Q: 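Dropping a structure here in structure tokens format, bear with me for questions.
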Amino acid sequence: MKTLKYRRPRGTRDIIPEEYELRERLLEKVQKTIRAYGYKFIITPVFERTELFIRSIGDSTDIVEKEMYTFKDKKGRSFTLRPEGTAPVMRAFLENGIVPPAKLAYVMNMFRAERPQKGRLREFWQVGVEAIGVKDPLVDAEVIEMGYSILKELGAEKLVVLLNSIGSIDERQAYKKALLDYINEKEQDGSLDLCEDCKRRKNKNPLRILDCKIDGPKLKDAPSLTEFLSPESLKYFNEVKKYLDRWKVNYREEPRLVRGLDYYNHTAFEIVSEKIGVQDTLLGGGRYDSLAEDMGGPATPAIGWAMGLERIIDYFYRIPIIPGPFYFVTTVNEFSKGYAIGLLKKIREWKIPSDMTFEPKSLKAQMKIADRLNAVKAVIVGEDEIKLQKVRVRDLETGKEELVPEKDLVRIYEEYLAERRKKGLI
RNA sequence: GUGAGAGUAGCUCAACUGGCAGAGCGCUGGACUGUGGCUCCAGUGGUUGGGGGUUCAAGUCCCCUCUCUCACCCCA
């Protein structure tokens with residue numbers, strides 16, 4: 001390849017027409033469903049005060065420690081390209097005085113400076129929902145069920161909801177301490193030697209040690225998080241499951257499922273597809289009842305999830321054929337071309353997608369372009385047609401031609417639309 | 001951030017142990033002077049990702065760098 005001067009930054013993607021079209025369709029479907037559950041869409045700024053993310057996500061999380069795109073403005077204030085949507089949406093909810101209960105949804109791009117791999121980019125798009133202001137097992141179940149339904153509608157296969165309750169912050173704190181005590185004790189009597197990763201996890205996120213491929217199995221008789229949940233937490237969790245059963249959501253309890261971000265409590269979940277590779281989480285979320293208060297707002301319970309658009313697109317969507325102009329106007333010489341540009345303008349005033357070539361080209365070459373663009377009809381304007389005050393309309397699929405007066409172009413277009421509608425193609 | 005593999009025409013990929021950079025598809029034109037898709041013919045196409053080194057000679061070997069892929073960490 002010729003060496004270009006500029007290439008896109010690592011881990012980013014250009015959304016070229018094929019993928020753009022595909023996204024539009026996919027998002028249309030997703031947004032329709034989300035609205036059916038009573039959500040309203042919002043957009044927040046791409047960057048926020050760095051502090052917002054550090055305080056809400058947690059300063060010892062990977063996101064904050066090594067993945068944020070942070071920069072300073074001219075006055076030395078620190079800003080960060082959003083690495084996730086929940087904190088900004090909650091901030092917007094509070095700042096705009098939106099009245100709870102509120103169901104907010106978004107389609108926004110996120111930025112994390114990770115090493116890219118399949119299904120993991122530095123700039124990526126998420127569809128997310130946040131149900132703010134209600135604490136009831138029904139909401140938890142509804143949010144999860146909606147995510148599950150959306151993925152199913154999109155054609156994702158072998159879906160499983162992984163479900164857990166990580167308790168209140170206090171309960172989790174108590175458990176963390178018990179787990180660490182247990183581990184420290186075993187390390188001291190020499191019966192346990194943690195791997196390098198887990199030594200690091202001890203300080204950062206000890207709950208993850210249970211999930212470690214090396215050390216996890218060694219901790220079979222460690223205390224379990226469930227033992228530390230209060231009767232209320234357990235009851236709440238059981239009710240969530242009850243509703244999920246009722247709505248026939250395929251879930252599996254996953255006691256080792258924990259959330260990386262600090263603001264989560266109680267219900268935590270992921271939806272994975274067992275059909276795809278290592279990055280199999282299509283959607284992840286949980287409850288975060290203390291976030292609003294942490295940000296200086298009134299105590300407001302909330303729950304939500306985010307879904308990675310690229311992962312869906314990569315695995316479940318095929319490239320669609322992009323529709324071209326409806327009419328492609330072709331000419332045979334300079335005279336007919338002069339006539340045709342007038343006709344083209346008229347067609348466009350009728351708001352019918354249309355185009356033609358301006359460079360002098362043979363009719364054959366023009367037809368070829370029409371075909372390549374996926375045009376529906378070629379409109380041939382030749383001297384014979386002009387003499388008859390008509391145009392020749394050639395159907396590019398069937399090859400059938402008809403000689404009609406100009407204004408029939410509107411009728412032909414409308415008939416085509418009606419036909420497509422009848423077939424449910426629009 | 002750690003580890004491994006890869007990068008050759010617009011795209012998909014060839015080129016034996018270092019020895020003239022190729023094919024298919026695409027694109028342009030023609031066969032068919034006003035008719036696309038099928039077929040046939042011709043043409044177009046490259047600093048072999050970039051930089052440096054070894055060598056008579058480097059796509060091929062060595063070093064650096066960029067990007068992609070896979071895995072780890074972690075996550076959507």
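Just so it is clear, the structure is predicted and the values come from calculations on it, not from any experiment.
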Q: Expressed as a whole number of Å, how far does the P atom of B:U69 sit from that of B:U8?
A: 14 Å
Q: With heavy atoms under 4.0 Å as the rule, sort A:Gly119 into base, sugar-phosphate or nothing.
A: base
Q: Enumerate the residues from residues 139-148 of chain A whose closest heavy atom to RNA chain B is under 4.0 Å, giving them by residue number; use none for an empty result.
A: none
Q: Under 4.0 Å, heavy atoms only, any strand: does A:Arg8 hit a base, just the sugar-phosphate, or nothing?
A: nothing
Q: Kindly say whether, by distance alone, the side chain of A:Arg7 makes a donor-acceptor pair under 3.5 Å with the base of B:U67?
A: no
Q: Once you apply a heavy-atom cut-off of 4.0 Å, does A:Arg10 come out as touching a base, just sugar-phosphate, or nothing?
A: sugar-phosphate
Q: Less than 6.0 Å separating the ring centroids of A:Tyr106 and A:Phe41?
A: no
Q: With both distances under 3.5 angstrom, what nucleotide forms a Watson-Crick or G-U wobble pair with B:A42?
A: B:U28
Q: Mind checking the P distance from B:G52 to B:U60? Whole angstroms is fine.
A: 14 Å
Q: Would you classify A:Leu121 as touching base, sugar-phosphate or nothing, given that sugar-phosphate means primed atoms plus P, OP1 and OP2, and contacts are heavy atoms under 4.0 Å?
A: base
Q: Angle between ring planes, A:His266 versus A:Tyr236, binned at 30° and 60°: parallel, tilted or perpendicular?
A: tilted
Q: Should B:U48 form a Watson-Crick or G-U wobble pair with both distances under 3.5 Å, which nucleotide is its partner?
A: none
Q: Select one nucleotide: of B:A71, B:U67, B:A76, the one nearest the side-chain heavy atoms of A:Arg112.
A: B:A76
